[in-house]
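Report on the structure given below.
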Amino acid sequence: MRHVDIAIAGGGLTGCLAALVFARRFPELSIALLDHQQGATYQDPRGLALALRTQQVLAEYGIWNGALERSAAISHIHVSETEAPGSMEMHAERENLPALGYVAMAGVLQQALDERCAQVSKEHTLLRHERGVQIRQLVADDSGYTLNIEGMKDPLHCRLLVVAEGSNSSTRDLLGIEMTRSAYDQVAIAGVVTYQQKHQGWAFERFTPHGPAALLPQGNREAALVWCMQPEQAQHLMTLPEQEQLRAVQKVFGAAPGRLEKVMLQGKFPLQLALADRFIGHRAVVIGNACHTLHPVAGQGYNLGVRDILELAQQLDAKDPGAIPGLQAYRTQRQRDYAEIISLTHGLVNIFANPNPVLRHARSKALYTLRMCNLLSKPLMRKAMGFRSLFSSAGS
């Protein structure tokens with residue numbers, strides 16, 4: 001039987017980054033990254049919103065380079081709604097920042113993570129990236145877990161099991177951890193739009209009675225589209241000719257982004273809020289989408305998983321990474337962040353979907369106030385940028 005200190009189930013965006021962070025934080029610990037993917041990196045076509053703090057972490061760990069370094073920067077954010085006047089804006093230069101965030105292609109980020117893992121594995125022989133493997137059975141003992149793994153001849157024993165397989169995690173199920181799920185009466189349509197003019201780093205968030213819509217900058221004249229709406233509306237939109245789809249997108253965003261030339265809708269997916277009933281247990285922890293799935297309204301999904309990794313690395317005991325005091329400290333720290341982000345995303349969806357005229361007027365005033373008062377908008381900006389502290393860089 002082979003023994004390691006930490007086994008990470010899942011070699012995707014979260015699992016790969018966790019392996020890199022743990023390898024630097026705990027150079028004396030052996031780490032096995034268990035990846036069910038085999039061969040070439042999967043070219044995920046999604047545009048991924050990266051908070052500024054996430055980009056800083058990727059740069060710190062030698063991942064933000066090459067094609068990833070050419071990802072579009074979000075320099076300005078415009079927030080408004082279709083049913084009432086009032087809007088707010090956020091600007092990177094006003095905060096003396098290089099950007100408020102970035103938009104990276106998920107496939108490009110995965111490839112950069114894979115390449116960095118391969119490089120670090122050569123330099124740090126205690127990190128091994130095992131491809132084409134899947135945990136099929138696990139048995140707990142006092143010191144950790146014995147894992148029976150498809151694709152590996154011998155069992156693997158670990159002192160800490162980190163589950164980062166995504167929302168459909170089979171290892172989470174083997175641990176007996178259930179998810180509390182709440183489906184939104186919405187689906188999200190993903191696509192790409194082309195502007196007539198360069199976007200200049202502007203991102204747009206537009207709230208409608210049926211769900212929010214966002215444009216995230218890519219390239220020079222392109223933007224990733226995420227448009228949330230009721231399922232029957234989405235089905236109708238997907239069947240329309242391209243020019244009618246383009247008119248519908250232009251209508252929902254109005255004049256703010258300028259004239260749109262082209263739209264290509266890529267597909268739709270259901271939306272839900274899901275949170276693990278428990279995310280730590282006996283020498284095990286569940287992170288990233290395996291632990292939480294959010295509405296995409298604030299683009300916080302992957303960024304929340306990155307903060308999981310950073311906090312876990314901060315709290316683990318190097319002498320015994322699976323020790324319960326470290327995992328309990330991690331749980332305490334993460335519960336507050338989860339509550340804040342879920343309240344933000346869930347609240348935005350419900351507040352802006354409410355047609356009450358009084359609430360509509362209040363929303364308009366609130367957006368205007370946030371636009372005019374930097375003292376009120378700054379905490380919201382810092383949270384959106386992925387920082388733990390709302391008012392300073394301390395404890396970020």
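Just so it is clear, the model here is predicted, and its values are computed rather than measured. For the numbers below, each heavy atom of this structure counts, side chains included, while hydrogens, waters and symmetry mates do not.
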Are [X] and [Y] joined in one hydrophobic group, where the rule is that I, L, V, M, F, W and Y side chains link up if heavy atoms are under 4.5 Å apart?
X: V57; Y: L304; value: yes
X: I74; Y: L215; value: no
X: V263; Y: L216; value: no

So [Y] and [X], do their side chains get closer than 4.5 Å, heavy atoms only?
X: R94; Y: H76; value: no
X: L312; Y: V21; value: no
X: M238; Y: L265; value: yes
X: W227; Y: V249; value: yes
X: I31; Y: L126; value: no
X: I135; Y: N148; value: no
X: R283; Y: L161; value: no
X: M264; Y: Q266; value: yes

Does a donor on one side chain and an acceptor on the other come within less than 3.5 Å for [X] and [Y]?
X: R116; Y: Q119; value: yes
X: Q110; Y: D114; value: yes
X: H36; Y: E165; value: no
X: T293; Y: Q272; value: no
X: N220; Y: H199; value: no

Query raised in the report: Got a sec, which residues hit side-chain contact (heavy atoms from CB on, under 4.5 Å) with E261, two or more places apart in sequence or on another chain?
Result: T194, Q196, R221

Query - By side-chain contact (heavy atoms from CB on, under 4.5 Å) - contacts of D308 (at least two apart) - result: I287, H292, Y330, R334, Y338

Requested in this report: Answer yes or no: does atom NE2 of H282 have more than 12 heavy-atom neighbours from other residues, nucleotides or ligands under 6.0 Å?
Outcome: yes

**Report entry** Exceeds 12 heavy-atom contacts within 6.0 angstrom, atom CG of N168
**Finding:** no

**Report entry** Working for side chain to side chain donor-acceptor pair (under 3.5 Å), residues Q200 and S75
**Finding:** CA-CA 8 Å; Q200 305 295 338; S75 302; over 6 Å; no

Closest heavy-atom pair and its distance - [X], [Y]:
X: A73; Y: P217; result: O-CG, 3.9 Å
X: Q315; Y: A329; result: OE1-CB, 3.3 Å
X: D5; Y: P321; result: O-CG, 4.0 Å
X: L68; Y: S71; result: O-OG, 2.7 Å
X: L160; Y: A284; result: CD1-N, 4.0 Å
X: V187; Y: A234; result: CG2-CB, 3.4 Å

Query - Residue of the set L316, T14, V285, L33 for which side-chain contact (heavy atoms from CB on, under 4.5 Å) holds with V162 - result: V285

Requested in this report: Dump the intermediate steps for salt bridge (Lys or Arg N to Asp or Glu O under 4.0 Å) on E130 and R2, then the final yes or no.
Outcome: CA-CA 13 Å; E130 309 280 1; R2 183 174 147 213; 2.8 Å; yes

Report task. Please lay out, stage by stage, how V192 and L225 fare under the test side-chain contact (heavy atoms from CB on, under 4.5 Å). Result -> CA-CA 5 Å; V192 178; L225 167 70; over 6 Å; no

**Report entry** From M229 atom CE to H210 atom NE2, the distance as rounded to the nearest 0.5 Å
**Finding:** 9.0 Å

Report task. Compute the centroid of each ring, for W202 and then for H91, and state whether the two points are separated by less than 6.0 Å. Result -> yes

Report task. For this output row, return yes or no: ring centroids of Y184 and H295 closer than 6.0 angstrom. Result -> yes

Query raised in the report: Taking it one step at a time, do L275 and M179 satisfy side-chain contact (heavy atoms from CB on, under 4.5 Å)?
Result: CA-CA 5 Å; L275 185 65; M179 301 288 284; 5.7 Å; no

I'd like to know if [X] and [Y] make a salt bridge, using a cut-off of under 4.0 Å between side-chain N and carboxylate O.
X: R336; Y: E340; value: yes
X: R247; Y: E242; value: no
X: R159; Y: D317; value: no

**Report entry** Qualifying residues under side-chain hydrogen bond (donor to acceptor under 3.5 Å, both in side chains), relative to S167, sequence neighbours excluded
**Finding:** none

Report task. Please step through side-chain contact (heavy atoms from CB on, under 4.5 Å) for the pair T146 and L156, ending with a clear verdict. Result -> CA-CA 6 Å; T146 298; L156 179 71; over 6 Å; no

Query raised in the report: So Q233 and L237, side-chain contact (heavy atoms from CB on, under 4.5 Å) or not? Walk me through it.
Result: CA-CA 6 Å; Q233 293 174 308; L237 181 65; over 6 Å; no

Query raised in the report: Do R259 and Y195 meet the cation-pi criteria used here (NZ or CZ under 6.0 Å from the six-membered ring centre, within 45° of the axis)?
Result: no

